[in-house]
Every structure is written in structure tokens, then in C-alpha cells.
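Chain A is the first sequence line, chain B the second, and so forth, proteins listed ahead of strands; every chain is numbered from 1. Just the heavy atoms: all of them, side chains too, but no hydrogens, waters or symmetry mates, feed the values below.
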Amino acid sequence: MTSTKTFTMDELVALCKRRGFIYPASEIYGGINGFWDYGPLGTELKNNIRDAWWNDMVRCPPMGPDGDPISIVGLDSSIIQNPLVWEASGHVDGFNDPMVDCRESKSRYRADHLMVLGAVDASDRRLYAYLAGDDEGRDRAIKLLGKYEKNKPEDSDWTDQPLVSLPNQALDRIVGPNTKEPGTLTEPRQFNLMFKTFVGALQSEDTAAYLRPETAQGIFLNFNNVVDTMRVKVPFGIAQVGKAFRNEVTPRNYIFRSREFEQMEIEWFCHESDAARWFDFWCDTRRKWWESLGLTSDNVQMRRHDADELAHYAKEGCGTFDIEYRFPFTSPDFGELEGVAHRGNYDLSRHQEFSKKKLEYFDQPRNERYLPHVIEPSAGLSRGTLAILCEAFTPDEERASKVYMKFQPRVAPIKAAVFPLVNKDGLPEVAGKLYEQLRQRWPVQYDAKQSIGKRYARMDEAGCPWCFTVDSDTLTDQAVTVRDRDSLSQDRIAIDQVENWLAERLC
RNA sequence: GCGGGCGUAGCUCAAUGGUAGAGCGUCAGCCUUCCAAGCUGAAUGUUGACGGUUCGAGUCCGUUCGCCCGCUCCA
């Protein structure tokens, strides 16, 4: 059954602002496109998701497909690395040059390297592109022109000119260098989405560097270090959480596509012959993990990438599965939450080639030296936070707040609240003592202001699962009322058992 | 990047070119014995920013920033 709960992103955004989850970055200066700040509750929420991931993937990873323990170690690499890293990884490809892609051949060309041959002024005629300096390509273009355009005006109508000098409308009739039909070339466009900066006070091309566009490369760079120091054996994983930066053309949909975001990535190194098995394992494991944080299965789906949307590192092998969530702005469709990709040994081989350092692993049991294959579960922490916010947002006309955030206790930013029913008669003293006790272990809030209903309502919007209320009976029976956010039920429990009661429910 | 829409208090929104307001929230005091109760009071705005037209601009015009929608992009 599909979730019928409906709300708009505007309502969610307003609540996030109102209750201190997420603010626009630089708001008092008018904001800055594609950047967001996390408020006190948003920070707690995001950290909780991050910590859950770290705990469940690094410290206590699930059993492997054979029921054996698996090994994953953590890492925290630098955001700025040697610029050569991004050349090796394929991210710098064509920096500063407008690029033209061919949808048919999947080739990418520097726009200023392409020449076009044909009758440019005749709008019904085909034009043929070839790479400047490529005589064979030019001969092919001339041959094709002669073959298909021979009944048209004489050679003198043909021109030979750079592609960049033609209007974009002409692209529809240009035949790419390795294709048969026209219209497969895209408009020339700037392709680099990396943030550029300079290392040291002197700004020149020699000192240019980039903020990492993904956290993955820092892991590959340290592959040897980890193997040499941590006594790990293939198969094993290296995990990392951190910020990444992409100069997106169009940041959109709240924090779904922002220019600064956080990733939680695992690079799982294994033998090529085991890659398919591990790929299935990680797809399954990661989907279950998201569901364990409260995303309902109706709103989560797996989608295999089509061949033509695979990234440069995933052309072969098992391909890529996206774990997708049905966000309000994509519904009824889904948006990417995590990608599980088989990267082959692309990254290690590229870094081996560019760095000229051996990155091969010697496998004692197999008596074989090889570059491990990589399965990469790459999750968006920012997107995960958004998905959990969306999932938690529960309109309820019956209650005073009209909406409550149904966070799973594990990720809830505030675990509990302590209230004196009235702000007198010795109740604040008793409640304050309980509060001081609980806050030693969890983020807990104390509130004595205004009516009890108002305080419950505030906690509903903050997504606090339980409220403990001290009343006048507490003074004699040493018990408090626990109010459950979701069921609204109220139960009486002994005040000296509150900490245990919470501990049982918070793990 | 292109086209369209929109920016007024923390939030949701009013205000014929003529004194910037309401509700909710927030805060303080009183009150209050379990779900935004009541009473009293308070704070909060260079109407996103800059410039122009006008005796006078939240309102009209231009620029810019930001947000939303559709393309594009997302390697």
C-alpha cells in the first residue's frame, strides 16, 4: 500500500525553520544559492544518522553473505588533495574547456577541437564533424558528404569551419565523428563542477587545487597505508563520512541537491570473482539499513542504472543500483538516496598509473597479486537527513500542533523532556533533579513554562518521543507520568526507573 | 544556463501609490493538577538588497540576490 500522507515541502521547510532544524545559509545577507545551515535540532538529527551508520557499518558491521564477520575500518581524509588526484579519478577531464558529448557514441570532445564540413547555409543539409588534425576523420567526412549529399550544390558550397563558430541550431544536422545519424552532439558546455581554490597565499595555476567532489578518492589514496598498517585482508572495507562539494548547475529541492553536502561512503575491496556476490550483499544490506532507521518500505525502492547513465568508473561489471526514496517533490517517483556501484578496479588502476606507485594487493591464500575490485555503497547523509525529515513529518489534525515529527527514538534529536505539571509546590525541584540525572546520558529538555498542553505540543514538533511529567502525586508515590508521542498514551512509572526505562528503548 | 512565478514580523498571510497590520508562535508576570486553556504585558520589520519615477513607493520601473515550477545539468 502506498503512503497516503500528503504534505508539501513548504510545510516541512517552515517547520524545519521554526523548530531549528535547517536554516538558509547566510540568511541575514540574503542567502547564498545551494548552501544550508543545520540548526541545533538538525545538527543532532544529522549526527545521529551519521553515528548510526558508523556504528552499524564500521564498529558492528552485519555478518557477511556466508554468515561470517566482515571487516571495515574508518578513515577521515583531507578535503583538499594533490590536484593530480582528480585528473586520475577523471574529475578534471577537460577543465576550462567547453565540452561536447555525443549521445550515441558516448564520446566527449573538446568543442574547440571539432571541425565541421558541409553546406552550413543550407538548413536542410547534413554537416559532418571530425576532430581537427585527424586526416582520416576528415577524409571520412568528405566521403560521406560525397555519398549522401552528391545531388546537392557543388563542393564550393561546402565550408570547413570550427564547430564553435556555428549556431546551436546547426547541431541537429551535424553527424558526429563516429556516428551515422545527425543530432547526437550536445551543445558545448562547461563541464567542471569542482570548486577551485588555491593552496598557499600565492594564487596562480601552479597552486590551484580543488575541494573534493566526492569522499571516495581519499579512501583509494590510502589503500596502501591501510593495508600496510591495519592487518586487513581482502575482502574488507574502508569507510568515511565527510563533506563534499559540487558546483551544481541548479541546486534544487531544499537540501536534496546542494553545493556542499555530506557523504557516507564505503569502499569494499574484494577479488573480482567475488564482486557479484558482494554487490548483491551490499545492495541488500544498505536498503535494510535505511529501513531500520524508519524509512518505510513503500517509500524505498532499488533501481538499476541503465547502461547509458553509468558513470565513467562503472561501465563494466555489476553496474549500479540506486537506493531511492519517494520524496514529496519527486512523488510519485523517487529520488536517489544512495548509489551502490561496482567500480571494478578503475580507481586503483588509475591511481597506480598516475602516481606510478604499485597499489596491488598480494592475496596469500590465492597466491595471487591483483588490484581488488570495489563495491561502493555511497550514501548521502544530507539526503538521508532529508528523507528522515520527510518520513517523520506526520500531519495530525487531532492534535494541537497539527503536525508531529515521528522520528525513530534512535535518531530523534531530543530523546525525552521533563516537565513539572505546574511551576510551584516543589514540583520544579523534583523535575529538575530528574532532568539533571537524564541529561548525563542523553539530550533531554526541561520545560516549566506555560500550560502542559503547550509543552507537549512543542515536543511533538521537535519529534521528542517521550515526556515525563512530575505532578503532586509524585511527591507521595515517587512516580511520574510518561507520555508517548505517537500513541498519546500516558503511563505511570517509578521515578527511579525512568533512566532504565529510557535506556531499554534507546539501546 | 533559459523561460515563468514569488519575496512584508520566527511562521502563515493582509495592507486603492497616502500613518506597515492580523493570527499563531516567542518572551515576562499572574494563573493553571495532564494535551497550544485564561488574563495582563513585551519584543520583533531599513517590506530581500541597490537604484529610479513620484509631493509621497510594500505597491510602478530597472538591476541584483534568494526561493519555487518547467527545461537543462547531475560527470
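When both distances must be under 3.5 Å, the Watson-Crick or G-U wobble mate of C6(B) is G66(B). U46(B) is unpaired under the Watson-Crick or G-U wobble criterion, no partner having all donor-acceptor distances under 3.5 Å. Across all strands shown, G38(B) forms a Watson-Crick or G-U wobble pair with C30(B), both key distances being under 3.5 Å. G23(B) is paired with C11(B) under the Watson-Crick or G-U wobble criterion, all donor-acceptor distances under 3.5 Å.
Rounded to whole Å, the distance from CD on E11(A) to P on U12(B) is 10 Å. Residue F256(A) contributes atom CZ, which lies 13 Å from atom C1' of C73(B) at whole-angstrom precision. What separates CG of N253(A) from P of C74(B) is a distance of 17 Å, to the nearest Å. If you take NZ of K449(A) and C1' of C34(B), they are 19 Å apart, rounded to a whole angstrom. Rounding to whole angstrom units, OH of residue Y404(A) and P of C35(B) are separated by 18 Å. Across the protein-nucleic acid pair, L15(A) atom CG and C11(B) atom P stand 12 Å apart, rounded to whole Å. Rounded to whole angstrom, the span from the CG atom of D333(A) across to the P atom of G70(B) amounts to 11 Å. Between the OH atom of Y456(A) and the P atom of U32(B) there is a distance of 18 Å, given to the nearest Å.
With hydrogens and angles ignored, the 3.5 Å screen pairs no side-chain donor or acceptor of E44(A) with any backbone N or O of L41(A). Between the side chain of R350(A) and the backbone N or O of A88(A) there is at least one donor-acceptor pair closer than 3.5 Å.
Counting heavy atoms of neighbouring residues, nucleotides and ligands inside a 6.0 Å radius, atom NZ of K402(A) exceeds 12 of them.
Contact annotation: the side chain of E461(A) approaches that of R18(A) to within less than 4.5 Å [non-hydrogen atoms, C-beta and beyond]. C464(A) places none of its side-chain heavy atoms less than 4.5 Å from the side chain of R458(A). Here the side chains of V85(A) and H351(A) are in contact, with some heavy-atom distance below 4.5 Å. Put simply, the side chain of I266(A) reaches to within 4.5 Å of the side chain of W53(A), judged on heavy atoms.
Within 4.0 Å (heavy atoms only), N423(A) reaches at least one base atom of the nucleic acid. Using a 4.0 Å heavy-atom criterion, one finds that G34(A) contacts the sugar-phosphate atoms exclusively. Contact annotation for D425(A): base contact, defined as any heavy-atom pair under 4.0 Å involving a base atom. Base engagement by R257(A) is indicated by at least one non-hydrogen atom pair under 4.0 Å involving a base atom. If you check every strand for non-hydrogen atoms under 4.0 Å, D471(A) touches a base. At the heavy-atom level, P24(A) lies nowhere under 4.0 Å from the strands shown. Contacts of Y254(A) with the nucleic acid, taken as non-hydrogen atoms under 4.0 Å apart, involve only primed sugar atoms and P, OP1 or OP2.
Separation of the C1' atoms belonging to U47(B) and A37(B) is 35 Å when rounded to the nearest angstrom. For the P atoms, the distance linking C6(B) with G45(B) amounts to 27 Å, nearest Å. Nucleotides G58(B) and A9(B), compared at atom P, are 14 Å apart to the nearest Å. Comparing G17(B) with C61(B), their C1' atoms sit 13 Å apart, to the nearest whole Å. The gap from the C1' atom of U63(B) to that of G23(B) amounts to 36 Å, rounded to the nearest Å. Going from the P atom of G7(B) to that of G62(B) covers 16 Å, rounded to whole Å. Taking the C1' atom of each, A57(B) and G18(B) are spaced 10 Å apart, rounded to whole Å. The separation of G3(B) from C50(B), taken at their P atoms, amounts to 26 Å, rounded to a whole angstrom.
Along RNA chain B, the nucleotide nearest to L421(A) and the one nearest to A14(A) differ in position, and the one closer to the 5' end is contacted by A14(A).
A donor and an acceptor atom sit less than 3.5 Å apart, one in the side chain of S472(A) and one in the base of U33(B). With hydrogens and angles ignored, no donor-acceptor pair under 3.5 angstrom links the side chain of R455(A) to the base of C35(B). In the interface, the side chain of R399(A) is not paired with the base of C35(B) through any donor and acceptor atom under 3.5 Å apart.
Listed nucleotides C34(B), U33(B), U26(B) differ in distance to T469(A); the shortest reach to its side chain belongs to C34(B). Listed candidates were C11(B), A28(B), U32(B). Nearest to the side chain of K17(A) is C11(B). The side chain of R19(A) sits closest to A36(B) out of A36(B), C74(B), C35(B). Side chain of M194(A), nearest nucleotide from A75(B), U33(B), C35(B): A75(B). Minimum atom distance to the side chain of E461(A) is reached by A36(B), of the listed C35(B), U33(B), A36(B). Of the candidates C67(B), A37(B), U26(B), C67(B) carries the atom nearest the N33(A) side chain, counting heavy atoms from C-beta on. Residue K454(A) places its side chain closer to A37(B) than to any other of A75(B), A37(B), C34(B).
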Test salt bridge (charged side-chain N to carboxylate O under 4.0 Å, His left out) on R343(A) and E214(A); report intermediate values, then the result. CA-CA 14 Å; R343(A) 296 179 78 124; E214(A) 63 176 24; 3.3 Å; yes

Evaluate the criterion salt bridge (charged side-chain N to carboxylate O under 4.0 Å, His left out) for residue pair R492(A) and D477(A); output intermediate values, then yes/no. CA-CA 10 Å; R492(A) 208 66 188 162; D477(A) 69 0; 3.2 Å; yes

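Exactly one of F256(A), F393(A), Y254(A), F334(A) qualifies for a ring pair (Phe, Tyr, Trp, His ring centres under 6.0 Å) with F327(A). That residue is F256(A).
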Quick tally for nucleotides 43-50 of chain B: nucleotides whose base has a protein heavy atom under 4.0 Å get B, sugar-phosphate-only ones S, the rest -, giving --------

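In this structure, Q450(A) does not reach the C35(B) phosphate: none of its side-chain N or O atoms is under 4.0 Å from OP1 or OP2. Of the side-chain N and O atoms in K402(A), none sit less than 4.0 angstrom from OP1 or OP2 of A36(B).
In this structure, R485(A) fails the cation-pi test against Y404(A), since its NZ or CZ atom is not both closer than 6.0 Å to the six-membered ring centre and inside 45 degrees of the ring normal.
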